[in-house]
Amino acid sequence: DSGVTQTPKHLITATGQRVTLRCSPRSGDLSVYWYQQSLDQGLQFLIQYYNGEERAKGNILERFSAQQFPDLHSELNLSSLELGDSALYFCASSVGPGENSPLHFGNGTRLTVT
Amino acid sequence: GNSVTQMEGPVTLSEEAFLTINCTYTATGYPSLFWYVQYPGEGLQLLLKATKADDKGSNKGFEATYRKETTSFHLEKGSVQVSDSAVYFCALSDRMNYGGSQGNLIFGKGTKLSVKP
């Protein structure tokens, strides 16, 4: 058990809808990362937060947004969903913002858009 | 931009066989290199890492050496077990535009390993 909790485990929704994925980092970790895993693109980095502030942005679509709250949990909001957004979304956390802090991954949220 | 290329799978081996999974990278500067493993239904777990050239990372019988001259970080294990069946990801640490380190990783596409008894 990595200590990173993601909810829900599965989500099925229709095109055009909006969903929110939630992540609770490991106790003591200040940095949260969101990744999207799909068969064709592999694991793509979306966005990173450190102690409530956005730190790095990857291939995140404008329809997607995220935030990290004062209690350090994070939410990833996906709107105007398309079929191509179906994927496994992982949250990871680490103690610090830099590369010397190993990432600990949650078990992911599987999103299916129909 | 920075990228990681790893051998495509799936790789199927018999128990006790020797394992090599190739990984090469393209990066500016000197990133840290990682191998992560993903067991079915789970998130990724750090297997090993190396932070500078010629470093050897090792864990649970797996090892990989950071080769700057060949920009490679191949994963090896001398004798695989059925419990090693998983997807293995090679990754490197990304760098901010101004050269500072950051925590997010760039992953290869993963190599699925199946070990038969």
Side-chain angles (χ1 to χ4, degrees), chain A residues 1-7 9-10 21 23-26 29-51 53-60 66 68 88-110, chain B residues 1-10 23 25 27-52 55 57 59 66 73 86-112:
Chain A
D1 182 8
S2 68
V4 179
T5 304
Q6 288 189 248
T7 56
K9 286 192 170 63
H10 302 277
L21 313 184
C23 169
S24 294
R26 274 189 341 155
D29 285 359
L30 300 178
S31 204
V32 168
Y33 310 75
W34 286 98
Y35 285 84
Q36 179 193 59
Q37 186 180 38
S38 60
L39 279 174
D40 53 342
Q41 296 290 325
L43 263 167
Q44 297 284 311
F45 167 67
L46 296 178
I47 197 162
Q48 176 194 3
Y49 283 84
Y50 175 68
N51 206 19
E53 300 288 325
E54 183 184 301
R55 182 163 175 91
K57 217 167 193 176
N59 301 321
I60 188 165
Q68 186 179 28
L88 197 46
Y89 290 84
F90 283 108
C91 170
S93 71
S94 65
V95 172
E99 63 186 35
N100 291 324
S101 295
L103 269 60
H104 300 271
F105 283 79
N107 287 351
T109 292
R110 182 168 294 283
Chain B
N2 295 349
S3 65
V4 175
T5 303
Q6 61 182 105
M7 63 188 282
E8 296 208 9
C23 170
Y25 66 90
T28 53
Y30 303 99
S32 293
L33 301 174
F34 306 81
W35 277 99
Y36 276 78
V37 58
Q38 184 180 28
Y39 298 102
E42 298 183 11
L44 281 73
Q45 303 172 26
L46 177 64
L47 182 58
L48 53 85
K49 68 182 263 191
T51 57
K52 60 183 189 298
D55 261 6
N59 186 25
Y66 189 164
F73 193 54
V87 181
Y88 292 81
F89 292 88
C90 184
L92 62 79
S93 55
D94 204 0
R95 295 274 166 163
M96 292 179 175
N97 288 337
Y98 57 80
S101 71
Q102 58 187 56
N104 65 291
L105 302 178
I106 294 174
F107 287 90
K109 293 214 165 178
T111 302
K112 183 174 181 179

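Chain letters run A, B, ... following the sequence lines, proteins first, then strands; residues in each count from 1.
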Rounded to the nearest 0.5 Å, what separation is found between the CD atom of Gln38(B) and the CZ atom of Phe105(A)?
9.0 Å
Spacing of NZ belonging to Lys109(B) relative to CG belonging to Leu39(A), to within rounding of 0.5 Å
10.0 Å
Report the residues that fulfil salt bridge (Lys or Arg N to Asp or Glu O under 4.0 Å) with Lys52(B), sequence neighbours left out, ordered by chain and then residue number.
Asp55(B)
Other residues, nucleotides, ligands: >12 heavy atoms within 6.0 Å of Glu8(B) CD:
no
Using modelled atom types only, decide if a donor and an acceptor are shared between the side chain of Asn107(A) and the backbone of Gly43(B) within a distance under 3.5 Å.
yes
Side-chain (Lys49(B)) to main-chain (Pro102(A)) donor-acceptor, under 3.5 angstrom
no
Whatever's closer than 4.5 Å to a heavy atom in chain B on Gln37(A) counts as side chain
Taking Tyr33(A) for its side chain and Leu105(B) for its backbone only, find out whether a donor-acceptor pair lies under 3.5 Å.
no
What distance separates Leu43(A) CG from Tyr36(B) OH, expressed to the nearest 0.5 Å?
11.0 Å
Checking heavy atoms, do the side chain of Asp1(A), its backbone, both or neither come under 4.5 Å from chain B?
neither
Select one option (side chain, backbone, both, neither) describing which atoms of Glu42(B) are under 4.5 Å from chain A's heavy atoms.
both
Within the structure provided, determine whether Leu44(B) and Tyr35(A) are in side-chain contact (heavy-atom separation under 4.5 Å).
no
